[in-house]
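Data block below; observations after.
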Amino acid sequence: MNISNNSLKHMLITTKRKQTVAGKAQSQVESCLLKVEANVASITSLTKDLTGLTHVQCDANDDWNGTFPIPDIDRVLGILALHGANVELTYNAGKNKLVFKSGSKQTTLDASPDALAFSHSQETISDHT
């Protein structure tokens with residue numbers, strides 16, 4: 001799937017839902033599933049305290065349909081900072097690998113829908129979407 005780097009970053013930053021607790025910034029969402037269907041990429045996520053639901057979407061640049069597990073939003077944002085204006089994402093479910101490509105740059109990340117939704121919970125990404 002091809003997508004604008006800036007659009008994907010915007011979706012992930014919005015999904016994180018930063019809040020400050022006791023003077024410390026923390027994300028309300030740490031991981032998510034990126035779904036692509038009919039040229040639209042979307043993320044629907046539930047906050048860890050179950051008080052908020054977020055849905056964000058943007059245009060994707062091709063007809064590919066599928067789901068990409070994002071096991072660590074902050075890590076993916078770091079990866080995207082190193083890539084060009086448009087990013088191609090591929091996911092190998094058999095090997096649990098998410099690949100980001102732009103130009104001659106490629107980054108591979110271990111990713112599974114069975115990854116933990118939150119570092120302090122036993123719920124998985126697929127359970128929490």
Side-chain angles (χ1 to χ4, degrees):
M1 183 238 353
N2 292 300
I3 191 166
S4 157
N5 190 331
N6 283 337
S7 294
L8 182 53
K9 282 193 264 189
H10 173 74
M11 288 176 53
L12 292 171
I13 290 168
T14 301
T15 297
K16 283 178 30 165
R17 294 189 60 172
K18 282 284 201 183
Q19 76 169 15
T20 303
V21 175
K24 187 176 181 181
Q26 62 184 10
S27 299
Q28 284 293 299
V29 178
E30 297 173 10
S31 59
C32 60
L33 285 177
L34 173 66
K35 296 179 183 179
V36 183
E37 187 174 300
N39 293 324
V40 175
S42 66
I43 299 170
T44 301
S45 61
L46 189 60
T47 59
K48 61 182 155 188
D49 63 4
L50 307 177
T51 62
L53 180 68
T54 302
H55 177 80
V56 293
Q57 66 183 40
C58 72
D59 292 334
N61 299 329
D62 58 38
D63 292 335
W64 188 89
N65 292 328
T67 303
F68 300 92
I70 307 290
D72 183 335
I73 292 173
D74 287 329
R75 176 175 268 165
V76 170
L77 288 170
I79 289 168
L80 292 173
L82 303 172
H83 282 271
N86 290 300
V87 180
E88 178 185 348
L89 273 70
T90 54
Y91 178 61
N92 183 327
K95 294 184 178 181
N96 290 328
K97 300 290 183 186
L98 180 60
V99 179
F100 300 82
K101 290 183 186 177
S102 67
S104 62
K105 180 123 180 113
Q106 176 176 313
T107 309
T108 302
L109 177 67
D110 288 333
S112 167
D114 296 326
L116 295 180
F118 304 103
S119 55
H120 69 283
S121 168
Q122 293 303 309
E123 293 176 305
T124 66
I125 297 172
S126 57
D127 289 338
H128 228 264
T129 56

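Starting from 1, each residue takes its place in the sequence as its number.
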Subject >> Residues in side-chain contact (heavy atoms from CB on, under 4.5 Å) contact with Gln106, at least two apart in sequence or another chain >> reply: Val99, Lys101, Thr108
Subject >> Rounded distance [0.5 Å steps], CD1 in Ile79 versus NZ in Lys9 >> reply: 12.5 Å
Original post:
If you measure from NZ on Lys35 to NE2 on His55, what distance do you get to the nearest 0.5 Å?
Top reply: 9.5 Å
Subject >> Side-chain heavy-atom pair Leu33, Pro69 within 4.5 angstrom cut-off >> reply: yes
Original post:
Are Val40 and Ile3 linked, directly or through other ILVMFWY residues, by side chains that come within less than 4.5 angstrom of each other?
Top reply: no
Subject >> Test ring pair (Phe, Tyr, Trp, His ring centres under 6.0 Å) applied to Phe100 - qualifying residues, sequence neighbours left out >> reply: none
Original post:
With a 4.5 Å limit on heavy-atom distance, are the side chains of Leu34 and Leu8 in contact?
Top reply: yes
**OP:** Check the pair Leu12 / Cys32 against side chain to side chain contact (heavy atoms under 4.5 Å, CB included), numbers first and verdict last.
**Re:** CA-CA 9 Å; Leu12 292 171; Cys32 60; 4.0 Å; yes
Original post:
Sub-3.5 Å donor-acceptor pair from the side chain of Asn5 to the main-chain atoms of Val87, do we have one?
Top reply: no
Original post:
What residues, two or more places apart in sequence or in another chain, satisfy side-chain contact (heavy atoms from CB on, under 4.5 Å) together with Asn65?
Top reply: Glu37
**OP:** Report the residues that fulfil side-chain hydrogen bond (donor to acceptor under 3.5 Å, both in side chains) with Thr54, sequence neighbours left out, ordered by chain and then residue number.
**Re:** Arg17
Original post:
Same hydrophobic cluster for Leu82 and Ile70, using side-chain heavy-atom links shorter than 4.5 Å among ILVMFWY?
Top reply: no
Subject >> Qualifying residues under side-chain hydrogen bond (donor to acceptor under 3.5 Å, both in side chains), relative to Asn6, sequence neighbours excluded >> reply: none
**OP:** Could you list all the side chain to side chain donor-acceptor pair (under 3.5 Å) pairs where at least one residue sits in residues 77-92, not counting sequence neighbours?
**Re:** His83-Ser102, His83-Thr107, Tyr91-Asn96
**OP:** Scan for salt bridge (Lys or Arg N to Asp or Glu O under 4.0 Å) pairs involving residues 19-34, sequence neighbours excluded, and state none if there are none.
**Re:** Glu30-Lys48
**OP:** Not counting sequence neighbours, which residues clear side-chain hydrogen bond (donor to acceptor under 3.5 Å, both in side chains) with Asp110? List them please.
**Re:** Lys97
**OP:** Go through the structure and list residues passing side-chain hydrogen bond (donor to acceptor under 3.5 Å, both in side chains) with Lys95, not counting sequence neighbours.
**Re:** none
Ignoring hydrogens and angles, write down the donor-acceptor pairs under 3.5 Å from the side chains of residues 71-78, residues two or more places apart or on other chains.
residue: Asp72; atom: OD1; partner: Asp74; partner atom: N; Å: 3.1
residue: Asp72; atom: OD1; partner: Arg75; partner atom: N; Å: 3.1
residue: Asp74; atom: OD1; partner: Lys16; partner atom: NZ; Å: 2.6

